[in-house]
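Below, chain A is the first sequence line, B the second, and so on; all start at residue 1.
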Amino acid sequence: MTDLTTTAARPVVARFCPSPTGNPHVGMARTALFSWAFARHHGGTFVFRIEDTDAARDSEESYGLLIDVMKWLGLDWDEGPEVGGPNGPYRQSERMDIYADVAARLQEAGHAYRCFCNTDELAIRREAARAAGKSSGYDGHCRNLSAEKIAAYEAEGRPAVLRFRMPDRDITFTDLVRGDITFTADNLHDYALLRANGQPLYTLTNPTDDAMMGITHVLRGEDLLSSTPRQIALYEAFAEIGVGGGFTPEFGHLPYVTGAGNRKLSKRDPESNLLAYRDQGFLPEGLLNYLALLGWSIADDRDVFSKEEMVEVFEIGRVNPNPARFDIKKCEAINGSQVRELSIEQLAARLVPYFQSAGLVSDPISDDEREVLAAATPLVHERITLLTETVDMVRFLFVAESDFSIDEADRVKNLDDKGVGTARAAYDALSGLDQWDTASIEAALRAALIDGLGLKPRLAFGPVRVAITGSRISPPLFESLELLGRERSLSRLAAAVA
RNA sequence: GGCCCCGUGGUGUAGUGGCCUAGCACGCUGCCCUCUCAAGGCGGUAACGCGGGUUCGAAUCCCGUCGGGGCUACCA
């Protein structure tokens, strides 16, 4: 065992530290959620750090997206970009001098050495080891170079990376979600800390920052599981040279979120694009709720809950270690449940941006428009799974009469000769109404069409629905008529008849 | 190739030796409700990868095996 000091007595400090490459994806959000929930559950600190050490792949745009997504999801951070903190800066690109210093101290203390092997040589030896059925990591070629040899390489002008010298022993750690995991010494290889050009690598920057920021619990994806023993060895060296608080954090590796074919969902997969979910009308509550279900459960008979409820009972030890398939159907169902959890006022407010981007209301929204939307919201509250569905559902209330149109297939089917007759009867019944409200409208229509014409309800209201809303599928008819108003309702009925 | 992780219905999970003739949810599906669509209610469908052990008793423990995934970079 390599435990130096336990983290048990320390206040929890967890973190989320993505690198800003490409679009934020769902696996990332799940990791962020679990780390956040862990920190919040323990009343600890949640650190948000940006790992932008790879200038070739990182982008400022991606950085902005990351911030947007975290805010949209409501995963607030105590230290990090925009809020600062005692251990900043929180973007690695602004901490380069720190890494250079740590690297120098590591080398000085003998924990790291310059390796002059070039990538071709490395590849050849790696293949040879593999062919011999052996572990194929770095073979330690430059581990104990003599001063003469080093001088010779330098004279040649050979570039060198800085490599960490792994201790020659097995390393065991207790993973927070998987239990004890052991890597034997012959599978632990010296690894690069600094590129030949002096730029630090993730292998150095990530543990350095975790140590300096006092991280007690590292929750991350399973892909980093096999790099854990070498980080543990690094922490031991840190303790010796005085980097960080002298303790090693605990590690927990979250299972993958997979897509079709059980492959880990990558940033390239369209279904993993987080912003696309927002655009499609998912609620942050819905997405978060669904993501929480991937590898965790709140109870054996319940799966709709808020992130606050999650925080209350979240235990990392109860996270399931096996990979979970992202199921869009269930995600939608959960989202629908979360829509139903919203009050009418809340829902109406969430709907505004979607109506604006559809061009149905102005930006900023006017008071009149807001009023119509608020009145229409109860009609869709139990009918939608995605926010965007509302737009098509109540478009008929927002379009100018000149833009109103009826779905052609629905018109043919519902407004044939018989249907037109029904619409005419509806017009007659409605035009004489004293009170224009749902109850009066319903009473008048039932009397005229069902009692009067002897129609089945389904046949009676179909033509009216199509004439009024433009579609065979719509919100409840009588309420829709009331909201549309007498004038517009009558004119649409008249238009359908003509 | 080597190392590591994982293995309950189509999907996500509950289950930590007897409460399991395996629970819940999504999906699919039948019915009810109903002005359409939903929502809601009541049913149905379907799983412990396989083989050995240990035990009076195993989804739960052990071994093996098969299968899936990840890592194996001067990416993160």
Using whole Å, what does the distance between atom [atom2] of nucleotide [N] and atom [atom1] of [X] come to?
X	N	atom1	atom2	value
A:L122	B:U72	CG	P	14 Å
A:R230	B:C75	CZ	P	12 Å
A:N320	B:C48	CG	P	18 Å
A:H381	B:G40	NE2	P	11 Å
A:M166	B:C3	CE	P	17 Å
A:I50	B:C75	CD1	C1'	17 Å
A:L294	B:G69	CG	P	18 Å
A:D300	B:A22	CG	C1'	12 Å

Look at all strands and tell whether [X] reaches a base, only sugar-phosphate, or nothing, counting heavy atoms closer than 4.0 Å.
X	result
A:T184	nothing
A:R178	sugar-phosphate
A:F183	sugar-phosphate
A:S227	nothing
A:R57	base
A:A324	sugar-phosphate
A:G336	nothing

Q: Go through B:G69, B:C71, B:U72 for me and flag the one nearest to the A:E222 side chain.
A: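 Selected nucleotide: B:G69.
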
Pick the [atom1] atom in [N] and in [M], then give their distance to the nearest Å.
N	M	atom1	value
B:A38	B:G49	C1'	40 Å
B:C5	B:G57	P	31 Å
B:U8	B:G68	C1'	16 Å
B:G51	B:G9	P	15 Å
B:G10	B:A46	P	11 Å
B:C26	B:G64	P	40 Å
B:A14	B:C6	P	14 Å
B:U60	B:G7	C1'	14 Å

Q: Measure across A:L397 and A:A376 and return the closest heavy-atom pair with its distance rounded to 0.1 Å.
A: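 Answer, listing the atom of A:L397 first, then A:A376: CD1-CB, 3.8 Å.
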
Q: Would you name the heavy atoms of A:M70 and A:A32 that are closest together and state the gap between them?
A: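 Looking at all heavy atoms of both residues, the shortest contact is SD-CB, 4.1 Å.
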
Q: May I ask you to check whether A:Y277 and A:F326 place their ring centres under 6.0 Å from each other?
A: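 Yes, the ring of A:F326 comes within the 6.0 Å limit of the ring of A:Y277, centre to centre.
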
Q) Do A:F314 and A:W296 make the cut of ring centroids closer than 6.0 angstrom? A)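 Between A:W296 and A:F314, which both carry aromatic rings, the centre distance is below 6.0 Å.
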
(Q) Counting primed atoms plus P, OP1 and OP2 as sugar-phosphate and everything else as base, spell out the protein contacts along nucleotides 25-38 of chain B at 4.0 Å heavy-atom distance: B, S or - for each nucleotide, 5' to 3'. (A) BS--------BBBB

Does a nitrogen or oxygen in the side chain of [X] sit under 4.0 Å from OP1 or OP2 of [N]?
X	N	result
A:N187	B:G2	no
A:S297	B:A14	yes
A:R318	B:G15	yes

Q) Angle class for the A:F173/A:F251 ring planes (parallel below 30°, perpendicular above 60°, tilted otherwise)? A)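 Rings of A:F173 and A:F251: perpendicular, over 60°.
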
Base-pairing assignment for [N] (Watson-Crick or G-U wobble, both under 3.5 Å):
N	answer
B:U55	none
B:G43	B:U29
B:G1	B:U72
B:C48	none
B:C37	none
B:G7	B:C66
B:C19	none

Q | N/O donor-acceptor pair under 3.5 Å between A:R492 side chain and A:I468 backbone | A |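 Yes, because the side chain of A:R492 sits within donor-acceptor range (under 3.5 Å) of the backbone of A:I468.
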
Q) Going through the distances and angles, do A:T385 and A:E332 end up as a side chain to side chain donor-acceptor pair (under 3.5 Å)? A) CA-CA 6 Å; A:T385 62; A:E332 287 173 356; 5.1 Å; no

Q. Would A:S135 and A:N187 count as a side chain to side chain donor-acceptor pair (under 3.5 Å) if you check the C-alpha gap in whole Å, the side-chain angles of each, and the deciding distance to 0.1 Å?
A. CA-CA 6 Å; A:S135 179; A:N187 286 300; 3.2 Å; yes

Q | Distance-only donor-acceptor test, A:S136 side-chain atoms vs B:G1 base atoms, 3.5 Å | A |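 Looking at the base of B:G1, it does pair with a donor or acceptor on the side chain of A:S136 (distance under 3.5 Å).
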
Q: State plainly whether the residues A:E222 and A:R30 are in salt-bridge range, i.e. N to O under 4.0 Å.
A: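 A:R30 and A:E222: not salt-bridged.
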
Q: Look at A:R163 together with A:D190 and state whether they make a salt bridge at an N to O cut-off of under 4.0 Å.
A: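 Here A:R163 does not pair with A:D190 in a salt bridge, since their nearest N and O are not under 4.0 Å apart.
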
Q: For A:L293 and for A:P200, find the nucleotide of RNA chain B with the closest heavy atom, then tell me which residue's nucleotide is more 5'.
A: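 Its nearest nucleotide being more 5', the pick is A:L293.
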
